[in-house]
There are 2 protein chains.
Amino acid sequence: MLGKQFRQLITNEHLRISVTELANVTGVSTSQIRYWERKGYISSKQSDKNKNHYFSFLTLFRVATIKHYLDQGFTLATAVDKERQRQELGKVFRTFITDQVKAITQLGPKKGEVILGTLTDDPEKEIYAVVDQKGTRLYSRPVKPDRH
Amino acid sequence: MLGKQFRQLITNEHLRISVTELANVTGVSTSQIRYWERKGYISSKQSDKNKNHYFSFLTLFRVATIKHYLDQGFTLATAVDKERQRQELGKVFRTFITDQVKAITQLGPKKGEVILGTLTDDPEKEIYAVVDQKGTRLYSRPVKPDRH
DNA sequence: AGATCTTTGTCAAATTATTTGACAAAGATG
DNA sequence: CATCTTTGTCAAATAATTTGACAAAGATCT
């Protein structure tokens, strides 16, 4: 199922971006990133000396969070602390995508459905979102019995 | 709100990856990617001749989908056709993330909540997911009246 | 007030990564 | 057999990045 593949792409820990891209997307300069890495606040993957540094999506989230706190006026060390305390909202988001988004199916031209699964306190009800050109709308429906 | 920033990072059309990264993540070789671009099946951003080609996340999804169909035995042209007919599940997914994920909040250490909004056919009920180390669970609750 | 630390920017030499045109090759199709 | 599709490989040229070094501004400490 393609939906599963897409979700794996998003959460793929091997998906990585270059330092320049990280800087462009987050607004944190490459020299800041270099310094933060030297301080041990963030990490990158580098197969050998002089080779490119690559950053994971989770690191991207973390850098964006640290930047958020720096913009609020905190010192770098405090921003890093607060980011750590938040336990990486990026991971929450990733777990949600991986475990809660069950399937993505296509219904027709420019129309699809995202299946979110059953309610924990009402397992007879399944939640799904309809996505089309107007946006998205959330619905519930009774769980269909398995055909096999 | 940080949750919004994270969602913007995922759906950010300016987030881009290099051709080598696209090849690594999708399993499609760089010479295939070059050929597909020459054929007009996919596109990249390139600020000038001889500069790096950069691919958007949506293009990443599309390449992955085309690869999926090639692996099923279709010719390249047919795979591209089928991908076009699917209207890019990646866009469905993106719209879902952008419009349906309302907020991501943190409740405590390694625990958070993803707010999905109200049911269209029952606007008094709000759906949310609790994310923790066990995974995720979906719940509904009455909509709280606004304080402001 | 001076010393020290934090944080970020800039530079240049060295190295890696990518682009590009060209060509080969295998298999499919006409 | 000719032509097209699709992909791989090569090498020269160019871009992108790394790295160590150093400067600078502001905060903090003594």
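Quick note on labels: first sequence line is chain A, next is B, and so on, each numbered from 1.
- Among the heavy atoms of the strands lying under 4.0 Å from B/Thr20 are primed sugar atoms or P, OP1, OP2 only; no base atom is included.
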Begin from the C-alpha positions of B/Glu37 and B/Ser44 and carry the test side chain to side chain donor-acceptor pair (under 3.5 Å) through to its verdict. CA-CA 8 Å; B/Glu37 189 168 11; B/Ser44 69; 2.5 Å; yes
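- Between B/Phe55 and B/His53, the two ring planes are parallel [angle under 30°; tilted spans 30° to 60°].
- Residue B/Thr75 is the one, among B/Thr75 and B/Arg34, whose nearest nucleotide of DNA chain D lies closer to the 5' end (criterion: closest heavy atom).
- Between B/Thr30 and B/Asn50, the residue whose closest nucleotide on DNA chain D is further toward the 5' end is B/Thr30.
- For the pair B/Asp48 CG and D/dT14 C1', the interatomic distance rounds to 11 Å; values are reported in whole Å.
- The phosphate of D/dA16 (OP1 or OP2) has a side-chain N or O of B/Lys51 nearer than 4.0 angstrom.
- There is no side-chain donor-acceptor pair under 3.5 Å between B/Ser18 and B/Glu21.
- On the nucleic acid side, DNA chain C has its first and last nucleotide under 4.0 Å of a heavy atom of chain A at C/dT6 to C/dA17, going 5' to 3'.
- Using Watson-Crick or G-U wobble geometry with both donor-acceptor distances under 3.5 Å, D/dC22 finds its partner in C/dG9.
- Mapping B/Val19 and A/Leu76 onto DNA chain C by nearest heavy atom places A/Leu76 at the nucleotide closer to the 5' end.
- Toward the 5' end of DNA chain C, the nearer of the two residues B/Lys49 and B/Arg38, judged by each one's closest nucleotide, is B/Lys49.
- Rounded to whole angstrom, the span from the NZ atom of A/Lys45 across to the P atom of D/dT18 amounts to 15 Å.
- Under the 6.0 Å distance and 45° angle rule, B/Lys82 counts as a cation-pi partner of B/Phe74.
- A cation-pi geometry, defined here as NZ or CZ lying under 6.0 Å from the six-membered ring centre and within 45° of its normal, holds between A/Arg141 and A/Tyr128.
- Contact detail for A/Ser29 and A/Ala23: the closest heavy-atom pair is C-CB, 4.3 Å.
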